[in-house]
Amino acid sequence: MPLHVPPAPAPALRSVLAALGSPSAVNEAHTPALRALQGPMTAELPLPVHVLDRLNLAGLASGGRPPRTRLTGWRFLIRSGERYVAAADTRLTPDGWAFSHFFEGPYVAATERALRQAESLGKSYQPRLLSVPELYMLTLWLHGAVGADAASGMPAAADLLVPLAPAPPGIAAYRPHPVSELLPVMTHRLTPTAPPVPPSMAAPAA
């Protein structure tokens with residue numbers, strides 16, 4: 001089923017389009033692939049970026065508190081021709097949403113792959129990104145409430161989290177996990193006596 005990609009704030013999109021149209025912004029970016037392009041580029045697939053920090057993970061571990069996330073930005077994939085070559089992040093400033101930076105690397109291709117995979121799951125979702133900085137982990141968060149405000153909301157137990165590559169050791173990239181299954185694994189990893197990852201979570205052997 002198609003994903004219900006939420007609309008990005010108009011100022012966020014305008015700031016990215018302005019940056020794409022600025023030779024200085026493109027040339028100053030640490031994105032060789034972006035600088036080498038000659039043709040038109042478009043900003044597509046806006047995804048709200050939420051963060052689950054250590055404090056909230058610790059609260060989950062100690063008292064089973066519902067996970068709370070905070071919106072930190074919107075990310076756009078930059079298309080040139082038939083492929084995505086980079087991404088653009090925006091951030092919220094006192095004056096509103098503003099362009100932050102361009103980047104390239106494995107998460108661009110990983111995001112595209114996970115989104116395509118999600119379209120074949122047989123259920124409608126609102127796609128988001130969920131970052132867990134303490135675990136150096138980024139996941140595609142498939143939120144079941146497709147009409148929800150993309151800037152708010154907490155991961156529901158039945159929502160899916162799809163770890164993007166590179167994923168933390170022992171957790172398989174691109175394998176969808178219910179929030180109720182993956183969050184306990186992440187909280188245990190913050191403790192020095194973390195139990196082994198359940199077999200259902202483990203990455204397949206090479």
Side-chain angles (χ1 to χ4, degrees), residues 1-51 69 71-93 95-133 136-143 146 149-151 160-168 172-176:
M1 291 186 179
L3 297 176
H4 292 256
V5 178
L13 176 58
R14 285 198 299 267
S15 71
V16 170
L17 295 178
L20 282 175
S22 168
S24 60
V26 172
N27 290 332
E28 291 173 4
H30 300 291
T31 52
L34 198 62
R35 294 197 304 269
L37 293 174
Q38 300 297 324
M41 293 174 284
T42 57
E44 302 178 2
L45 295 175
L47 297 172
V49 182
H50 291 254
V51 169
T69 67
L71 179 72
T72 59
W74 282 80
R75 177 168 297 176
F76 299 78
L77 295 187
I78 306 302
R79 177 188 287 275
S80 175
E82 298 299 319
R83 62 193 183 98
Y84 293 106
V85 296
D89 275 358
T90 63
R91 58 188 176 87
L92 190 60
T93 71
D95 296 323
W97 288 101
F99 171 74
S100 175
H101 62 279
F102 293 114
F103 70 93
E104 59 186 47
Y107 280 139
V108 176
T111 301
E112 180 184 5
R113 173 176 169 177
L115 287 168
R116 293 186 185 280
Q117 176 182 313
E119 290 177 342
S120 65
L121 291 178
K123 183 178 178 181
S124 296
Y125 291 101
Q126 181 192 88
R128 306 175 174 190
L129 292 174
L130 181 64
S131 171
V132 188
Y136 301 98
M137 184 177 183
L138 183 65
T139 72
L140 177 64
W141 169 12
L142 299 175
H143 193 41
V146 296
D149 180 358
L160 297 180
L161 296 178
V162 184
L164 302 184
Y174 308 117
R175 182 178 295 174

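Using modelled atom types, one side-chain atom of S15 and one backbone atom of F99 make a donor-acceptor pair closer than 3.5 Å. Although no hydrogens or angles enter the test, the distance criterion places a donor-acceptor pair under 3.5 Å between the side chain of T90 and the main chain of W74.
Separating the CD1 atom in I78 from the CD atom in E104 is a distance of 12.0 Å, to the nearest 0.5 Å. A distance of 6.5 Å separates OG1 in T93 from CZ in R91, rounded to the nearest 0.5 Å. Here D89 contributes atom CG and R75 contributes atom CZ; the two are 4.0 Å apart, rounded to the nearest 0.5 Å. For the atom pair L77 CG and Y107 OH, the distance stands at 14.5 Å (nearest 0.5 Å). Atom CG of L138 is separated from atom OG1 of T111 by 6.0 Å, given to the nearest 0.5 angstrom. Atom-to-atom distance recorded for Q126:CD and S124:OG is 11.5 Å, nearest 0.5 angstrom.
Closest of all the heavy-atom pairs between P48 and P6 is CD-CG, 3.8 Å. Nearest heavy-atom pair across S120 and Q117 is OG-O, 2.7 Å. Scanning all heavy atoms of the two residues, the minimum distance from L115 to P127 falls at CD2-CB, 3.9 Å. P163 and A167 make their closest contact through CB-CB, 4.2 Å (heavy atoms, listed as atom of the first residue, atom of the second, distance). The two residues L17 and A43 make their nearest non-hydrogen contact at CD2-CB, 4.2 Å. Between L3 and L142, the closest heavy-atom pair is CD2-CD2, 4.4 Å.
Taking 4.5 Å as the limit, every side-chain heavy atom of V162 sits out of range of all side-chain heavy atoms of T139. Residues P166 and Y136 are not in side-chain contact: their nearest non-hydrogen atoms beyond the backbone lie 4.5 Å or more apart. F76 is not listed as a side-chain neighbour of L47, based on a closest heavy-atom distance of 4.5 Å or more. Taking the side chain as every heavy atom from C-beta outward, L140 and L161 never approach each other to under 4.5 Å. Using a 4.5 Å cut-off on side-chain heavy atoms (C-beta onward), V51 and T69 make no contact. In this structure, the side chains of H4 and Y125 stay at 4.5 Å or more apart for every pair of heavy atoms. Under the 4.5 Å side-chain criterion, counting only non-hydrogen atoms from C-beta, P9 is not in contact with P46. Residues L121 and L160 have side chains in contact (heavy-atom distance under 4.5 Å, counting atoms from C-beta outward).
In this pair, H143 and W141 present their aromatic rings perpendicular. The plane angle is above 60°, beyond the 30 to 60° band.
Among residues two or more places apart in sequence or in another chain, the salt bridge (Lys or Arg N to Asp or Glu O under 4.0 Å) test is passed with R128 by none.
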Exercise for the section: List the steps and the verdict of side-chain contact (heavy atoms from CB on, under 4.5 Å) for W97 and L13. Expected result: CA-CA 9 Å; W97 288 101; L13 176 58; over 6 Å; no
Exercise for the section: Check the pair E44 / V5 against side-chain contact (heavy atoms from CB on, under 4.5 Å), numbers first and verdict last. Expected result: CA-CA 10 Å; E44 302 178 2; V5 178; over 6 Å; no
